[in-house]
K.L.:
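Before I ask anything, here is the structure I am working with.
Just so it is clear, the values below take in all heavy atoms, side chains as well, and ignore hydrogens, waters and symmetry mates. Sequence lines set the chain letters: A, B, ... in the order given, protein chains first and strands last, and positions in each chain run from 1.
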There are 2 protein chains.
Amino acid sequence: MSPAPAVKDDLSPSAPFAGRGRWLEPLRSGAVFIRFRRDSQIVAQDEVSDYCFLIVTGCVRTAMALEDGRRQIGEFLFPGDIVGYDTVGGHPFSAAAVSDVTLRRFRLAAIEAHAMRDAGFAQAMRHFTTAQLRKAHLRFVLLGRGTAGERIAYFMREMEGHMVSSPTGRSALPMKLMDVADYLGLALETVCRGMTASRRAGGAAPSPDVPLPH
Amino acid sequence: MSPAPAVKDDLSPSAPFAGRGRWLEPLRSGAVFIRFRRDSQIVAQDEVSDYCFLIVTGCVRTAMALEDGRRQIGEFLFPGDIVGYDTVGGHPFSAAAVSDVTLRRFRLAAIEAHAMRDAGFAQAMRHFTTAQLRKAHLRFVLLGRGTAGERIAYFMREMEGHMVSSPTGRSALPMKLMDVADYLGLALETVCRGMTASRRAGGAAPSPDVPLPH
DNA sequence: CGCGAGGTTGAATGACCTCAAGCGGTGTGG
DNA sequence: CCACACCGCTTGAGGTCATTCAACCTCGCG
């Protein structure tokens, strides 16, 4: 029905996962495993960290807190994703465990050193950060121009494949509603209402009219 | 006065310009100059471009348009900035000239090839994209959690040093209010009111209470 | 002089937030 | 084993901030 792809026709999540962390594979031998409990902090805000982490199991969130209590979740990360890479000079986002997680820890200096030796590795890094950047751009549209319904619909699609099979069959999301709210720039109650409405309207597909981008 | 830097104490623009385009210098000889008139398109949305551009003079905006007319400006770029780099596989943002601009055009394949040969160059690229990423994160906070006043205040600070000396002394910004609105995720009228209010409250510093991030 | 583009201002509407109460599940201690 | 408390989720009612709609103004230009 759409005549030309001159503009985006909806706000759906970017392709099935662009920037993952497989490029860290060559450094696997130099990495150690670390575990964090639910809600424990992995990297502090403004901390100058020497490490980055590849997620093995569990879910991690990055966040920036403001003095007055407002908070913005940067992203939710899952097995195969990397946290703490874009950190040169200290990153303003903290990272915390959403669920119990196991991570593989890499020394940033080692990554940098390896990139200086191996051009192919460096190229893989570039593709990774470039993909991150493109995801960020899409997020601008969502946060800048998306309605509450669109943000929630976007989020639900992003989370497809990351639902946890809870015993009671309750909310299958690994994170709390508060986290989702701070991820989407909405009030907790708005997220709750939106998800309820979308559930009533047929489970996965929240609203029929979702005019925001890929 | 702030006890600890555990959280961000306001929403001011990131340090005096993090990711600029000086790293392209080594390829200068292979680049050609191009000019674009005000409002003409430089890169089309979803186009797979072979080039990126270093801005020499003028101002450029990147934007994503939605079918229904909504639009999000990605960023405003000034001399020394790069447009169209994070493009591998086609970028969803278009680029257009805000004012008459002169650009230096670089072939992406040439950049990539040079990065494979020169590890230092590749490192500079990494630092550039990393800085871009950090700027994007801050934008999340602004768009997700900032009030209209905070967004406008942030924008005004970002534009310091980019004011054009207009003959009439009118709005010294190079871009239209509509562009600013689509950059900040606000209505045009809201931006206008905000800027008027900030002007009345003392020129540059719009509002005394601006609790959002760097 | 008339026209159009961009900017400014006012009034009314509405989307989302805030406040507040209530519910179900889980964990803890008596 | 039950009572209680706490946490996270849900739902309702009311308020607020930004949007929407609309008029008017200014400037530059044909």
Side-chain angles (χ1 to χ4, degrees), chain A residues 37-39 61 66 68-72 98-99 142-156 163-164 166-200 206-207 209-212, chain B residues 37-39 61 68-72 98-99 142-156 163-164 166-201 206-207 209-212:
Chain A
R37 293 215 172 285
R38 190 170 202 270
D39 285 326
R61 66 170 183 261
L66 267 43
D68 58 9
R70 281 178 295 181
R71 196 179 63 141
Q72 176 68 40
V98 167
S99 58
L142 194 73
L143 293 177
R145 288 308 185 187
T147 64
E150 287 166 341
R151 299 186 201 203
I152 292 164
Y154 178 93
F155 174 74
M156 304 277 273
M163 298 301 194
V164 306
S166 81
T168 61
R170 218 83 174 57
S171 92
L173 291 168
M175 70 289 289
K176 301 185 184 59
L177 278 195
M178 190 64 223
D179 289 337
V180 179
D182 286 337
Y183 178 69
L184 298 175
L186 297 171
L188 182 157
E189 297 92 329
T190 305
V191 174
C192 180
R193 279 185 251 266
M195 305 225 302
T196 302
S198 93
R199 229 172 285 144
R200 273 204 260 271
S207 71
D209 38 40
V210 187
L212 282 185
Chain B
R37 292 214 172 287
R38 190 170 203 270
D39 285 326
R61 65 168 183 261
D68 58 8
R70 283 179 294 181
R71 197 178 63 140
Q72 176 67 41
V98 167
S99 59
L142 195 73
L143 294 177
R145 288 306 186 189
T147 65
E150 287 166 341
R151 298 186 202 203
I152 292 163
Y154 178 92
F155 174 75
M156 304 277 273
M163 299 300 195
V164 306
S166 79
T168 60
R170 215 89 173 56
S171 94
L173 291 168
M175 70 290 290
K176 302 187 187 50
L177 277 194
M178 190 64 221
D179 288 338
V180 179
D182 286 337
Y183 177 69
L184 298 176
L186 297 171
L188 182 158
E189 297 91 328
T190 305
V191 174
C192 180
R193 279 185 251 266
M195 306 225 301
T196 302
S198 93
R199 229 172 286 145
R200 273 204 260 273
S207 72
D209 39 38
V210 188
L212 281 185

K.L.:
Should A/T196 be listed as having a side-chain N or O under 4.0 Å from OP1 or OP2 of D/dT11?
P.N.:
yes
K.L.:
Could you check how far CZ of B/R71 sits from P of D/dT19, rounded to whole Å?
P.N.:
15 Å
K.L.:
Please determine if A/D39 and A/K176 form a salt bridge, counting it only when a charged side-chain N lies under 4.0 Å from a carboxylate O.
P.N.:
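A/K176 and A/D39: salt-bridged.
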K.L.:
Roughly, in whole Å, what's the span from CG in A/L184 to C1' in C/dA15?
P.N.:
16 Å
K.L.:
Which nucleotide wins on minimum distance to the side chain of B/A187, given the candidates D/dT19, C/dC16, D/dC9?
P.N.:
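Per side-chain heavy atoms of B/A187, the pick is D/dT19.
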K.L.:
For B/L188, report the nucleic acid contact type (base, sugar-phosphate, nothing); a contact means any heavy atom under 4.0 Å.
P.N.:
base
K.L.:
With hydrogens left out and only the distance checked, is there a donor-acceptor pair under 3.5 Å joining B/R193's side chain and the base of C/dG7?
P.N.:
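Per atom types, no contact qualifies.
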K.L.:
Taking C-beta and beyond as the side chain, do A/I152 and A/R193 meet within less than 4.5 Å on heavy atoms?
P.N.:
no
K.L.:
Using the side chain to side chain contact (heavy atoms under 4.5 Å, CB included) rule, pick out the option among A/L142, A/V180, A/V191 that qualifies with A/F155.
P.N.:
A/V180
K.L.:
Can you tell me if the side-chain N/O atoms of A/T190 get under 4.0 Å from OP1 or OP2 in C/dC17?
P.N.:
yes
K.L.:
Could you tell me the separation between the CD atom of B/E189 and the C1' atom of D/dC17, rounded to a whole number of Å?
P.N.:
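About 14 Å, once rounded to whole Å.
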K.L.:
So, does A/R199 get its side chain near the phosphate of D/dT10, meaning an N or O under 4.0 Å from OP1 or OP2?
P.N.:
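It does, given that an N or O in the side chain of A/R199 lies less than 4.0 Å from OP1 or OP2 of D/dT10.
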K.L.:
So if I take every side-chain heavy atom of B/L186 and compare against D/dA18, C/dT8, C/dC16, which nucleotide ends up nearest?
P.N.:
D/dA18
K.L.:
Taking the side chain as C-beta and beyond, is there a heavy-atom pair between B/M163 and B/L173 under 4.5 Å?
P.N.:
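The answer is yes; the side chains approach within 4.5 Å.
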K.L.:
Which pair of heavy atoms, one from B/P174 and one from B/V98, lies closest together, and at what distance?
P.N.:
O-CG1, 3.5 Å
K.L.:
What is the distance, to the nearest angstrom, from the CZ atom on A/R38 to the C1' atom on D/dC7?
P.N.:
10 Å
K.L.:
Atom CG of B/D68 to atom P of D/dT19: distance rounded to whole Å?
P.N.:
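Rounded to whole Å, this separation is 15 Å.
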K.L.:
Please state how far atom CE in A/M178 lies from atom C1' in C/dT18, giving the value in whole angstrom units.
P.N.:
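The answer, rounded to whole Å, is 12 Å.
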K.L.:
Write down the distance between CZ (B/R145) and C1' (C/dT18), rounded to a whole number of angstrom.
P.N.:
13 Å
K.L.:
So which nucleotide from C/dT9, C/dT8, D/dT11 ends up closest to the side chain of A/R200?
P.N.:
D/dT11
K.L.:
Let me know the distance between CZ of B/R151 and P of D/dA18, rounded to the nearest Å.
P.N.:
8 Å
K.L.:
Consider the side chain of A/L177, meaning its heavy atoms from C-beta on, and name the nucleotide among D/dA18, C/dT9, D/dC9 that approaches it most closely.
P.N.:
D/dC9
